[in-house]
Each structure stands twice: as structure tokens, then as C-alpha cells.
Amino acid sequence: MEYNFREVEKNWQDYWAKNKTFAAKNDSDKPKYYVLDMFPYPSGAGLHVGHPLGYIASDIFARYKRLKGFNVLHPMGYDSFGLPAEQYAIQTGQHPEITTKTNIARYREQLDKIGFSFDWDREVRTSNPDYYKWTQWIFIQLFNSWYNPETNKAENISTLIEKFKVQSSKFKVGSAEKKYEELSEKEQSDVLLEYRLAYLSNTMVNWCPQLGTVLANEEVKDGVSERGGYPVERKLMKQWSLRITAYADRLLNDLEGIDWTESIKEAQRNWIGKSEGTSLTFKVENSDDVIEVFTTRPDTIFGVSFVTLAPEHELVSKLTTPEQKNAVDEYITFAKNRSERERMADVKKITGVFTGAYVLHPFTGKQIPIWLGDYVLAGYGTGAIMAVPGHDSRDYAFAKHFELPIIEVVAGGDLSKESYDAKEGKLINSDFLNGLEVKAAVKKAIEKIEEKGLGKGKTNFRLRDAIFGRQRYWGEPIPVYYENGIPKVLAENELPLILPEVDKYLPTETGEPPLARATGWKYKKHTPGPSQEGNGCEYEYSTMPGWAGSSWYFLRYMDAHNSTEFVSKKAVDYWQNVDLYIGGAEHATGHLLYVRFWTKFLNDLGLIPVTEPAKKLINQGMIQGVSSFVYRLVPVIEAKGDRDKGDKISNALRENLILVSKNRSELFNTGYGDYDWKDEELNKYLTEKEAKVRKEIDELEAKITYMYSALHVDVNIVSNNILDQNAFRNWREEYKNAILLTEENGDYICGNAVEKMSKSLWNVVSPDLMVEQYGADALRLYEMFLGPLELSKPWNTNGITGVSNFIRKLWRLYHIPSTNNEQQTPNFSVSDEPAVKPELKVLHKTIKKIISDIEGFSFNTSVSNFMICVNELTELKCNKREILEPLAIIIAPYAPHIAEELWSKLGHSESITYAAFPECKEEYLVESAFNYPVSFNGKTRFFQEYDLSLSKEAIEKEVLALEQTQKYLEGKTPKKIIVVHNKIVNIVV
RNA sequence: GCCCAGUUGGCGGAAUUGGUAGACGCGCUGGUCUCAAACACCAGUAGGAAACUGUGCCGGUUCGACUCCGGCACUGGGUACCA
């Protein structure tokens, strides 16, 4: 028997757990290194082979850093609040906590089998009260803070109140103006809510009726919910939000200083969407009202031919003339009822209405009509635009549709065909801007606008404040209660606010969130006061969104069991922030933006020393599944008239499922009666079935054609596209009696497609099976070997035999084959003789490559390099300790189990984890000669070895003297000879 | 539409600063072992009989281009009436 990975891997996993081999210390003389994975949501489906990809990469890096002498923090935990557990609870009544615990146990079991070097003592779970206590605590800090634009950071709200008092600020209450001290408690609360970083307000939210909750912009994709894919509509609601917009500029600027991929940075830049322009007011004709617009193209001011307001704009009803009132009201109703999704679906559809009112052009004084259009968004800028159809494609489309004038003010386009949006060209028809280039014109226009007091230069962001309340059960309760309608946060010593028990995980009959079902769940002050009387105060019934817990978890790992602080100063001063963060790119504008926001906020309060959560970020690619299909033959009836009868016919023909092998697709689209299925069973079956309905077919003059539809089939019963027919019949009841139309050799060939790996597509490959069959080391090596970490690639189990063979070859290097072949295992045999130069060269070449591969995150090439190394050492029949000991160390990050086993056999009693990574000694790599490729006009013809000490001139001379050179020269004289030392010789003819 | 990434054998992929294109592995073909199969081992494997041709397509720079520049196509991802 050879290498027994099952036994060896189990032993070492037990050893690591027992000895807490990977526990990180919070004080150490070693330099620190923090390697973090994005923690998973523990779903019921368990891990598939795609999940561990990033974990394996980070584990290799963490183990490498330990070998390099770093104190490494490499933790893991669970993002355990979330929708699936709650939906499961709604269906089954099972408490989400139970579901979550079960799923976590399964995840842990799967993770353990792969041999990760996580420090499990630091595990965090966001749904654990010990954890969410501090999530709530951070919320309270957000509530108690405002953003001071002067200091450009968050401060305690008390500094704002102080400011109000010092400046004697006045606040409008109804028609009166009062000082801050003169306001009632409620009025003060309302004023402060406009500044707090966590605040309650009436905002347009993304409401998802099916989920019964609101969603943040980042959770809505293509107009449907990211989770579940349900339609989302706009709705005005009182909601908790976080003022992330206060940090827009810093979130944007600080991207410069972090080593993240350009694509993620770009996605964040786009999401933040900074645009610089100017505000500009238009006076409404015969009224004191003005309409303020935001524009980035003030240079086109003389091209304005109308002004468009969002249907929700506050001035609409006031402006609208009596003649237009009906049309306007009708349009507003229409716009309101169009869901986000519809609006997006027909971007091309232009809708709008004229209000009957006019504004006056600020420079020419001309009348400009005011229109409503839903292409103008209420939530961006001022909800009103100046329309310049000549130089904005949306305005152009609107103008064309409603036959409004189009004025050319920038030369260079052809306005009869399309608008000219480019920001280059000279201004025309523009009074004082004529002749200027766009850039200069923008500047001049802003100057004039500011000079005349019409507006001023302004920056707008696309980023919206993050809606923070969710009308869900399975999340952190927001630590707020309402006293006389005033929202108040709990005292810190009242945390955690435990998620109460409810009878059902659904909204109440009156539409309140599930938490309103909790009986007797009321806030009572610890200290005596009005709320102590009676039943106490109502709590906030919304819970926090899924991203709350994940916005600071990287800090908790530093000090996971601290019961008095979210993280101790000492721990965070030591660990600072994440050195290497690995996770999926799908979090580009969600999690990765929020965690940056919270980090900056906590830094502002002086609680942590860093302003960014992660120095370096790597996005692992997705591992896609390869789905398999069977092709179902579907009779399609085209009947004239009677539809019911048509259905009856097709049902009769469909009684048994007919599945056609892929390569017999010539049979598809065959019509009724004119086929030969080349399959007796099927001919018989269909002839019988058709005979039964022949009368109806003829009566209806129906036409039958056979089409096919592809059905997903479990990839685990398909091997190399050949269906295991027995397993297939047993797989599902409806396939038991299916008629399988096979190839001539009896095989049923499946089709396939590369898709997302998902339970519903039946293409999931579980890591458990791979570990069981080939071992954890093989799985780890193979996942890395598949290709560059960042690239998406389809999973193909077949290739794993390659790395599995490699592991056996590696094992054999350290052993001599047993002579009496039967029972005995190969004998461990390593020689203490000094290594010879070729052996040392192989080793040190490999060390050099592995170091540069790991540090460049090129894990796929390092696996190749190990293979080359082992192949070469096998060729050299090398079994020297001097070579094999360092080899075990450099391979340990990738294949830790076999490395530990070999290490212990080499006579070490300690784990290989903290061995020293060998240095590359360049002296072994020095070559004395180089085999030069000799090329003619850039095409390599032959090779010639020359000593490296030879000068260029000498080589040139030698090459020309060669017989082969003369042959390729064909008697011509070379024009030029290029000799690149240690690289190439090129002869130009 | 805009932004980002990518396109190399039958497949996954490799190629340092512009310097031997196809490393390594899978698959395939042939062979050895075996009664046979599997495993294992050995040899071959970009195309072409060859001259030659080949890194998505067209063009450029260069002694020399997968690599640099200009244009285009396609694939994947992100984002979208953002004024």
C-alpha cells in the first residue's frame, strides 16, 4: 500500500486541533500579518467546490507567512443573519437559530476536512448576542454622531448642539423661528435627526412586497431583489438610514491609497458617482417661485429649450395651469404606478406632459416651457433639469418626441440625426460664450452664473444614504425605543437588545414587522422615569440589514471574546487592519463600501487607528458548474380551432417522457407521421399513441411537430457526458418509465453548458466527495492548479488525477519501494549524504519560483513548479535529506498534511507550521553557458551553446562561422547581427 | 450606452523587461505489464506530406510582438434615463 491520505490527513487535522497549532497571539515579537476571508453565509446547501477556492488561497498565504516568521491572524466565522433561514422559518416554523446552527455545523465539518489553518478560538457569528451587542453599540455611536464638515469627520452630537447655541441658530417651526433652546424636546429631536449619522426620515425606499421589507440600493439588481429576484417598487416610508453620503468624498479619495484591483475601485468610483457642475435657478414667469437645477454643462445654457421636472417635484401642483391640470394629474398617477422595473424595461419609451407654465431664461429672458418627465429622477440633484436637446441624448429624444426646439450651441455634430454630447468643440449661438472651447466655456459660464447670483459651483454624488431598517425577523434588533414619539437609543449597559421570540415569522395583520408580534416586548428604563410607568415604551420593530454585522467583523476577530469593548485598544493597535483580504467581486459596491464607511467612522471617534479595513484585496473568480442536459421530446400540436382537443392530443402523446440522446438531434423538428426513429421501442410507442388520437388529429386537421427542451440532470449521474441510465431512472419518479432514445452503441449522451454552480441547476460538485476520493491535499492543489485565482473557470473533476499522481510521486521520493511486495508499505528512506550540484540546482530554482509565485498570488504556476521539481528529482533519483527537508517545507502551505507526515518521518517532533522557509541560494543557479537560439529575421532556426563569458563580438564571429548559419544565409550577406547576452542571437538578412 | 476584465492546441492553462509560443496537467494515440481490464510505466501529441503557417480580426512600431501603439469583433462581469 502506498500513501494513505485518509489516515494521514485525519491524524494531522486532529493534531492541529488538539495542539491549537494555528492560534494567533495578541502579543508577539514577530511582525504581524492578518489574512482574512470574506466569511460565508451558512446556507442549507453546504459548500460546493467553488467556496473553498479563496479559502485555500488565503490559507496558503497564511501558512507561507508563518513559515516566513510572521505572527499570523487567520480567522473564520459566519455571517449568520440572513434571509434564507428566515424564509425556511416561515415555511416550516423552525426557529432560524436552529436552522443556522445546523448549517454552521455542516459548514464547519466540511471546512475541517480541507485542512485550513484557521484560528477557530476566534470564531465569530453575527447572530450571536455576544457579537451583535457590539453591532448595536456601533449603531448607537452612529446615532450619537454627526458629520462636521469643518473638521471633515464625525463628532459627538453634543458638539453640534453647542454650535447651535453659540451661533444662536434659528429653526423654522411652522411660521415661527426659534432658537435651539426654545424648541420642544420633539422639535429638538427632529432637528438633530437631520444631522445624526443614523437617522430616521421619510424617504423613498425600495419596497419589496413579496419579501415584505425595504432594501438598500445595493441590494436591488435590475429592478428586482438581489435575494430571491422579486420585483421592487418605490415607496415613501419612515425609515432608519445611515448617512454614508457624508463620507462620499473620503470613500472616493482613499481608494488611491489601497492595493485593491482596479475593477473594484472603478466600481466603487462609479457607485459613488461624483459629478461636478453648478446649480442654477430659473425664475418662474409671473410668480416668486424659482426652479433650481443641477447641470454639469453650464456652457450649454443658451441651448436650453425647455425645463423638465420629475413628476414628484414639489412645485408641480403650484405651477400647473388650470388648462393642463387634468393632463398633469393623469401623468403623475401614471408615473407613480410604473414600477422601477417597468421604467427600466422601457428606457426607450418617452413619456411626459406640459405643465402650461414657463420659466424665464436667466440670460436672454426668453420664455421656456416647463415639462414633466419621468426620465428625470426626484432623488438626484434637485429633481429638475435644464434640457439641452442639442447636446444631451435624453433631452434630444424627449424634444424629438414632443416636437420641441433643438438649438445647436456646440459646433461639431449633426443635430438632424442625433445630439452631440461630446465635451469638445467651439461654442456658437451663445452670446458671451461664443468661440470658446467647451472647457473654457464651462468655467466662464460658472463665473457669470455666480456673478449674477443665479447659482454656484456644486458637486453632486450618485451615492444615496443607506437604508438601514429591514422589516424582517432574523436580524439584529435596532436598539431604539420610542418615548412620546421621540426615537431614543438604549444605554450601553442595556445591550444587547436580544431578539425576542415570536409566534410566527411574518408581519402582523396591521402590516407591522414580525418583531411587533413579540408579546410583552417593551422598553422599561433601568432608572425611574415616565417610561417606567405603565407598559413601557415600544421598541423599534425593524431589524438591521444583512450587511450590518459584516461591516466591522474584521475588528472583532482581533479580540473575539472581549465582553467590555467591541475590540480592545491594545488588540487593534497591534493588528491594525487586514493585510490580505480575499473574497468575491460581487461585494464590490455593497459590503466593501459599508465596511470602509464604518472603519472611517470608528476612526473618526478615535476608537481604531486605521481608516481602511484592508490594505490588499484579491477577488477570487467564480468556479462555474458544468451542467448536464437530457433532451425531452415534446409533441407540439398546431390545431385549428379547438384548443382543448389539441391539448388532449398532446397529453396523450406525452404520457411517458421521451428523452433523446444529444447526437440524435437530427430527429428533432420531425413532423407527425413522416419520421423513422430508428428505435423500435419508440416507433412502437408513438405509433400506438398516435393511433389513439388519429381521429382527433384528422378532425382538427392538426399538425404535430416534435420539438425538444433541455432538462437539467444531476451531474453526479453523468460521467464524461454519458448518462448512467439506471441511476437516472431511480433519480426521480417521473423518469422511471421514460423512453431513452440512445446512440447506436446504447449510450445516452448528455449535452452540457457552463453555468453558475447551483443546487437548482443540478451541477453542484461537493468538496466532500473530492476529499473522500483524492484527499484534502489533492483538492487544495487542484483548485489552485485550475488557473489564475482571479479568473472564473468551469469545474472539471477529471483533471484531479494529475495532482493526485503528483502527491504519490512526491511520497515516493522519500521512500524506496518495498522488496517483498505484498503487505509491507514502502520504506521511508532518506540519505544523509551531501547533495550534488544538479540536485541543489533543482531545489533552489524551485524555492525561487515558489517565493515569487506566492508573493504574486500565482498559485497555479507554483503547483506546476512543484510538479517539475518532483519530476526532476525523481529523474535524478535524489533521496538526500539536504534536498527533501526544504522541499517538505516549501510544499507545506499547499499540501500541509503530507508535508507534516514527511516532516515527522524526517525526525521532527514539532509541527512543520513554524519551520523556517528556506532561502534561495543564487550560487546554485549560476550557469556557465547558455544554449542560444539562433534566429534569422526573428525566426529561430537552430541552437548553439556558448560560454557566458564570451563577448557579444566573439559570439557574433562564432555564429557566422557555423556551417548551419551559412546554410540559412543562402549566400547572402547579413545586414546586421543582434546578440542579446543570455537571450538570443538574431541575424538580419 | 458607459466602465472593467478577458480572447493562446481537443480542454484547463504557461511564457521574467519586447527575445526559443504552447511549460505543467487533463484528454487522446501507440507501446510495456496482464488471461483480460483497471492501475502503473514508457513514447508521441498546435496545424501541415513538406516548404511553411500559427497567440480573436485589421493595421503600425521594432532586428525581433502573445507582450507596445491605433482601430475593430466577440465573451464574461459591473453599472445605467445621475442631467
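Sequence lines set the chain letters: A, B, ... in the order given, protein chains first and strands last, and positions in each chain run from 1. Hydrogens, waters and symmetry mates play no part in the numbers below; they use all other heavy atoms, side chains included.
For Tyr380(A) and rA80(B), the OH to C1' distance is 13 Å, given to the nearest whole Å. The CG-P distance, from Leu377(A) to rA80(B), rounds to 11 Å in whole Å. As a whole-Å value, the separation of Lys400(A) NZ from rC81(B) P is 24 Å. For the pair Asn796(A) CG and rG10(B) P, the interatomic distance rounds to 17 Å; values are reported in whole Å. Whole-Å rounding puts the Asp392(A) CG to rC82(B) P distance at 8 Å. Rounded to whole angstrom, the span from the OH atom of Tyr774(A) across to the C1' atom of rG25(B) amounts to 14 Å. Distance Asn270(A) CG to rG77(B) P: 18 Å, rounded to the nearest Å. Rounded to an integer number of Å, the gap from CG of Leu791(A) to C1' of rA5(B) is 8 Å.
Each of Ser263(A) and Asp395(A) lies near RNA chain B, and the nucleotide nearest Ser263(A) is the one positioned closer to the 5' end. Nucleotides of RNA chain B nearest to Gln624(A) and Val803(A) differ in position, and the one nearer the 5' end is that of Val803(A).
Dashed line: the shortest gap from a side-chain N or O of Lys793(A) to OP1 or OP2 of rG12(B) is not under 4.0 Å. Taking side-chain N and O atoms only, Arg462(A) has a distance below 4.0 Å to OP1 or OP2 of rA80(B). Under 4.0 angstrom from either OP1 or OP2 of rA83(B) there lies no side-chain N or O belonging to Thr308(A).
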message: Can you build the contact string for nucleotides 16-24 of chain B? Use B for base contact, S for sugar-phosphate-only contact, and - for no protein heavy atom under 4.0 Å.
response: ---BBS-BB

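Partners of Arg812(A) according to the salt bridge (Lys or Arg N to Asp or Glu O under 4.0 Å) rule, which considers only residues two or more places apart in sequence or in another chain, are Glu2(A). Contacts of Tyr594(A) classified as ring-ring contact (aromatic ring centres under 6.0 Å, His included), with partners at least two apart in sequence or in another chain: Trp547(A). For the salt bridge (Lys or Arg N to Asp or Glu O under 4.0 Å) test, residues two or more places apart in sequence or in another chain that qualify with Lys848(A) are Glu922(A). Partners of Glu292(A) by salt bridge (Lys or Arg N to Asp or Glu O under 4.0 Å), not counting sequence neighbours: none found. Every residue was checked against the ring-ring contact (aromatic ring centres under 6.0 Å, His included) condition with Trp271(A), not counting sequence neighbours, and none meets it. Remark: Phe398(A) pairs with Phe306(A), Trp371(A), Tyr375(A), Phe402(A) by the ring-ring contact (aromatic ring centres under 6.0 Å, His included) rule, at least two apart or across chains. For the side chain to side chain contact (heavy atoms under 4.5 Å, CB included) test, residues two or more places apart in sequence or in another chain that qualify with Glu276(A) are Lys274(A), Thr459(A). The ring-ring contact (aromatic ring centres under 6.0 Å, His included) search around Phe942(A) returns none, not counting sequence neighbours.
Syn is the conformation of rG9(B), whose glycosidic angle sits no further than 90° from 0.
Taking atom C1' in both rU29(B) and rG9(B), the straight-line distance is 16 Å, to the nearest Å. Going from the C1' atom of rA40(B) to that of rC63(B) covers 50 Å, rounded to whole Å. rG59(B) and rG13(B) have their C1' atoms separated by 29 Å, given to the nearest Å. Annotation: rG47(B) and rU61(B) have their P atoms spaced 33 Å apart (nearest Å). The gap from the P atom of rA80(B) to that of rG10(B) amounts to 40 Å, rounded to the nearest Å. Using atom C1' as the reference point in both rU75(B) and rU20(B), the two lie 31 Å apart (nearest Å). Taking atom P in both rG6(B) and rC68(B), one finds a spacing of 10 Å when rounded to whole Å. If you take atom P in rG27(B) and the same atom in rA38(B), they sit 13 Å apart, rounded to whole Å.
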Tabulate atom names and distances for all N/O pairs under 3.5 angstrom spanning the protein and nucleotides 39-42 of chain B.
{"residue": "rA40(B)", "atom": "OP1", "partner": "Asn805(A)", "partner atom": "OD1", "Å": "3.0"}
{"residue": "rA40(B)", "atom": "OP1", "partner": "Arg808(A)", "partner atom": "NH2", "Å": "3.1"}

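Consecutive Watson-Crick or G-U pairs involving RNA chain B, each under 3.5 Å on both distances, make up stems of three or more pairs at B:1-7 with B:73-79, B:10-12 with B:24-26, B:27-32 with B:40-45, B:56-60 with B:68-72.
Between the side chain of Arg780(A) and the backbone N or O of Tyr894(A) there is at least one donor-acceptor pair closer than 3.5 Å.
A distance below 6.0 Å separates the ring centres of His361(A) and Phe302(A).
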- request: Walk me through it: do Phe806(A) and Trp811(A) pass the test ring pair (Phe, Tyr, Trp, His ring centres under 6.0 Å)?
  value: CA-CA 9 Å; Phe806(A) 160 74; Trp811(A) 182 257; over 10 Å; no

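Checking rU79(B), rC3(B), rC63(B) against the side-chain heavy atoms of Glu266(A) singles out rC3(B) as nearest.
Within 4.0 Å (heavy atoms only), Pro788(A) reaches sugar-phosphate atoms of the nucleic acid but no base atom.
Between Glu783(A) and Lys793(A), none of the side-chain N atoms (NZ, or NE/NH1/NH2) sits under 4.0 Å from a carboxylate O, so this pair counts as no salt bridge.
Pairs engaging residues 976-989 of chain A under the salt bridge (charged side-chain N to carboxylate O under 4.0 Å, His left out) rule: none recorded [sequence neighbours left out].
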